[in-house]
**Q** 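Provided herewith is a single structure, encoded as structure tokens, for subsequent inquiry.
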Amino acid sequence: MKKLDTLLAEKLIQISAIKLQPDSPFSWATGWNSPIYTDLRMTLSYPGVRNLIKVEMARLIMENFGDAEMIAGIATGAIAHAALVADSLALPMVYVRSKPKDHGLENLIEGDIKPGQKVVLIEDQLSTGNNCMKCLNTVREAGGIVLGVVVIFDYRFSQAARALKRAKLPVITLTDFETMLDVAIDGGHITTADAETLQQWHNDPENWAPTGLDAVD
């Protein structure tokens, strides 16, 4: 039987929730050039993949954060997954914005967190870690006790790992960049040369540029 991280990475590539284009890179919101793009909201259109993520996230929460009292989705990509997991565990749920909405109550947290409530964060993808850190601080400021975060896909960037370690936030992941790279090679989705390009990018994503382009300042 395949391990969860391998199985999920295969499925994410198959449904194009992970796209690999070493020769025609994407532009991230950070301004980085990137040979990979993840859109994990795509999983919502595939019941089998959606259910796998829901079941495994719920299992990991029960195994690692058994005293959780609240699920918090990080907006916007993880909201639907957080709702599915919260329903599966029969727990209340909120979602956390990266910035206050510009009308009404200008909430950062949609829903009700009570002081002292034990919260598990749900994130779809972990890259720079900035959104996760904002959510962590918002929940803590509201009085919640954050037990940890469960992530569908982790890029395993060192800067994010360092920031979350400093914040004393345990991270549980379903699959990650290295697993995805192995799966992509084994499945014939990319060549060995492509894999080397992806690894070079991963080593220095902020300054990486495809051949023929100047590095990003």
**Q** For a 4.5 angstrom cut-off between non-hydrogen side-chain atoms, does Leu20 reach Leu198?
**A**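 Side-chain contact under 4.5 Å: yes.
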**Q** Show your working on side chain to side chain donor-acceptor pair (under 3.5 Å) between Tyr155 and Thr38 and close with a plain yes or no.
**A** CA-CA 10 Å; Tyr155 278 93; Thr38 52; 3.1 Å; yes
**Q** Donor-acceptor pairs are to be reported for all side-chain atoms of residues 157-170 against protein atoms at under 3.5 Å, with residues two or more places apart or in another chain.
**A**
from, atom 1, to, atom 2, distance (Å)
Ser158, OG, Arg162, NH1, 3.4

**Q** What are the two closest heavy atoms between Pro22 and Pro25, and how far apart are they?
**A**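 So the minimum-distance heavy-atom pair works out to O-CD, 4.2 Å.
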**Q** Answer yes if Leu147 and Val139 sit in the same cluster of Ile, Leu, Val, Met, Phe, Trp and Tyr residues linked by side chain heavy atoms under 4.5 Å apart, and no otherwise.
**A**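 Per the 4.5 Å side-chain linkage, Leu147 and Val139 are not co-clustered.
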**Q** Say whether Ile79 and Val94 are linked into one hydrophobic cluster, either directly or through other cluster members, by side-chain heavy-atom distances under 4.5 angstrom.
**A**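 Cluster IDs for Ile79 and Val94 differ.
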**Q** Flag yes if Ile152 and Leu126 sit in one hydrophobic cluster, no otherwise; membership is Ile, Leu, Val, Met, Phe, Trp, Tyr, and two members link when side-chain heavy atoms are under 4.5 Å apart.
**A**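 They do not share one cluster, since no chain of ILVMFWY contacts under 4.5 Å joins Ile152 to Leu126.
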**Q** Taking atom CH2 of Trp32 and atom CD of Glu206, what is their separation to the nearest 0.5 Å?
**A**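 That separation rounds to 6.5 Å.
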**Q** Quick one: CG on Asn107 to OH on Tyr95, what's the gap to the nearest 0.5 Å?
**A**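 Going from CG on Asn107 over to OH on Tyr95, the span is 9.0 Å.
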**Q** Give, for atom OG1 of Thr173 and atom CE of Met57, the distance between the pair rounded to the nearest 0.5 Å.
**A**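 These two atoms lie 9.5 Å from each other.
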**Q** If you look only at pairs with a residue in residues 59-79, which of them pass as a salt bridge (Lys or Arg N to Asp or Glu O under 4.0 Å), with sequence neighbours excluded?
**A**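 For residues 59-79, and leaving out neighbouring residues, the salt bridge (Lys or Arg N to Asp or Glu O under 4.0 Å) pairs sorted by first residue read Glu56-Arg59, Arg59-Glu63, Asp67-Lys118.
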**Q** Between Gln125 and Asp154, does the side chain to side chain contact (heavy atoms under 4.5 Å, CB included) criterion hold? Intermediate values first, please.
**A** CA-CA 6 Å; Gln125 56 183 304; Asp154 188 351; over 6 Å; no
**Q** Please give me the minimum heavy-atom distance between Gly73 and Ala82, naming the atom from each residue.
**A**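 Looking at all heavy atoms of both residues, the closest pair is CA-CB, 3.5 Å.
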**Q** Can Val150 and Val171 be said to form a side chain to side chain contact (heavy atoms under 4.5 Å, CB included), step by step?
**A** CA-CA 6 Å; Val150 182; Val171 180; over 6 Å; no
**Q** Are any side-chain N or O atoms of Gln21 and backbone N or O atoms of Ser24, one a donor and one an acceptor, separated by less than 3.5 Å?
**A**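 Yes; judged by distance alone, with no hydrogens or angles, the pair exists.
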**Q** Let's go through Lys54 and Asn51 carefully: what are the C-alpha distance in whole Å and the side-chain angles of both, what is the deciding distance for side chain to side chain donor-acceptor pair (under 3.5 Å) to 0.1 Å, and is it a yes or a no?
**A** CA-CA 5 Å; Lys54 177 191 73 172; Asn51 191 60; 3.2 Å; yes
**Q** Grab the two heavy atoms, one from Met42 and one from Ile15, that are nearest each other, plus how far apart they are.
**A**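 In terms of heavy atoms, the two residues are closest at CG-O, 3.5 Å.
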**Q** Going from CZ on Phe153 to CG on Leu174, what distance comes out if it is rounded to the nearest 0.5 angstrom?
**A**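 So the gap between those two atoms works out to 11.5 Å.
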**Q** Are the side chains of Lys2 and Glu10 in touch, meaning some heavy atoms are under 4.5 Å apart?
**A**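 Yes, side chains in contact.
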**Q** Search all heavy atoms of Ala195 against all heavy atoms of Leu181 and return the closest pair with its distance.
**A**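 Between these two residues, the closest heavy atoms are O-CD2, 4.1 Å.
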**Q** So how far is it from Leu121 CG to Ile172 CD1, rounded to the nearest 0.5 Å?
**A**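 Nearest 0.5 Å value for the CG-CD1 distance: 12.0 Å.
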**Q** Quick check: does any side chain N or O of Arg97 sit under 3.5 Å from a backbone N or O of Leu108, one acting as donor and the other as acceptor?
**A**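 No.
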**Q** May I ask you to decide if Leu40's main-chain N or O and Thr43's side chain share a donor-acceptor pair within less than 3.5 Å?
**A**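 The answer is yes, because a donor-acceptor pair under 3.5 Å joins these two groups.
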**Q** Any luck finding a side-chain donor-acceptor pair between Asp194 and Thr191 under 3.5 Å?
**A**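 Thr191 and Asp194 do have a side-chain donor-acceptor pair below 3.5 Å.
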**Q** So do the side chains of Ile74 and Cys132 get within less than 4.5 Å of each other, counting heavy atoms only?
**A**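 In short, these two side chains touch, coming nearer than 4.5 Å.
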**Q** Work out which heavy atom in Val119 is nearest to a heavy atom in Gly144; give both atom names and the distance.
**A**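 Minimum heavy-atom contact is CG2-CA, 4.4 Å.
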**Q** Would you check if the side chain of Asp87 reaches a backbone N or O of Ala83 as a donor-acceptor pair within less than 3.5 Å?
**A**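 Flag not set: sc Asp87 to bb Ala83 has no pair under 3.5 Å.
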**Q** What distance do Lys3 atom NZ and Leu8 atom CG have between them, rounded to the nearest 0.5 Å?
**A**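 If we round to the nearest 0.5 Å, Lys3:NZ and Leu8:CG are 13.0 Å apart.
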**Q** Closer than 3.5 angstrom, by distance alone: can the side chain of Trp201 be matched with the main-chain N or O of Glu196 as a donor-acceptor pair?
**A**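 Not confirmed, Trp201 side chain does not pair with Glu196 backbone.
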**Q** With sequence neighbours excluded, what pairs up with Asp176 under the side chain to side chain donor-acceptor pair (under 3.5 Å) test?
**A**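 Listed in chain order: Arg156, Thr179.
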**Q** Taking the side chain as every heavy atom from C-beta outward, state whether Phe65 and Val149 have any pair of such atoms under 4.5 Å apart.
**A**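 Contact flag for Phe65/Val149 side chains = no.
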**Q** After noting the C-alpha distance and the side-chain angles of Asn130 and Thr30, does the key distance pass the side chain to side chain contact (heavy atoms under 4.5 Å, CB included) rule?
**A** CA-CA 11 Å; Asn130 292 338; Thr30 57; over 6 Å; no
**Q** Is there a path of hydrophobic side-chain contacts, each under 4.5 Å between heavy atoms of I/L/V/M/F/W/Y residues, joining Ile122 to Leu12?
**A**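 Looking at the clustering, Ile122 is in the same group as Leu12.
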**Q** Within the structure provided, determine whether Phe26 and Lys19 are in side-chain contact (heavy-atom separation under 4.5 Å).
**A**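 In short, these two side chains touch, coming nearer than 4.5 Å.
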**Q** Ser88 side chain to Leu84 main-chain N or O, any donor-acceptor pair under 3.5 Å?
**A**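 Not at all, since once roles are kept as given, no pair shorter than 3.5 Å links the two residues.
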**Q** Of all the heavy-atom pairs spanning Ala9 and Thr175, show the shortest one and how long it is.
**A**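 Heavy atoms only, the tightest pair is CB-OG1, 3.6 Å.
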**Q** For the residue pair Val183 and Asp186, establish whether any side-chain heavy-atom pair is separated by less than 4.5 Å.
**A**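 Val183 vs Asp186: side chains apart.
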**Q** Evaluate the criterion side chain to side chain contact (heavy atoms under 4.5 Å, CB included) for residue pair Met70 and Leu91; output intermediate values, then yes/no.
**A** CA-CA 6 Å; Met70 169 74 72; Leu91 290 175; over 6 Å; no
**Q** Is it possible for you to say whether Val151 and Val120 belong to one hydrophobic cluster, with membership spreading through side-chain heavy-atom contacts below 4.5 Å?
**A**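 No; tracing contacts between hydrophobic side chains, which count when under 4.5 Å, never links both residues.
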**Q** Just so I know, are the side chains of Met62 and Leu89 near enough to count as touching, which here means a heavy-atom distance under 4.5 Å?
**A**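 With C-beta onward as the side chain, the pair touches.
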**Q** Could you tell me whether the side chain of Lys11 reaches within less than 4.5 Å of the side chain of Leu52, counting heavy atoms only?
**A**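 Yes, side chains in contact.
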**Q** Would you please indicate yes or no on a ring centroid separation below 6.0 angstrom for Trp28 and Trp208?
**A**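 No, they do not, as the ring centres are separated by 6.0 Å or more.
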**Q** Does the ring centre of His202 sit less than 6.0 Å away from the ring centre of Phe177?
**A**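 That pair passes the under 6.0 Å test.
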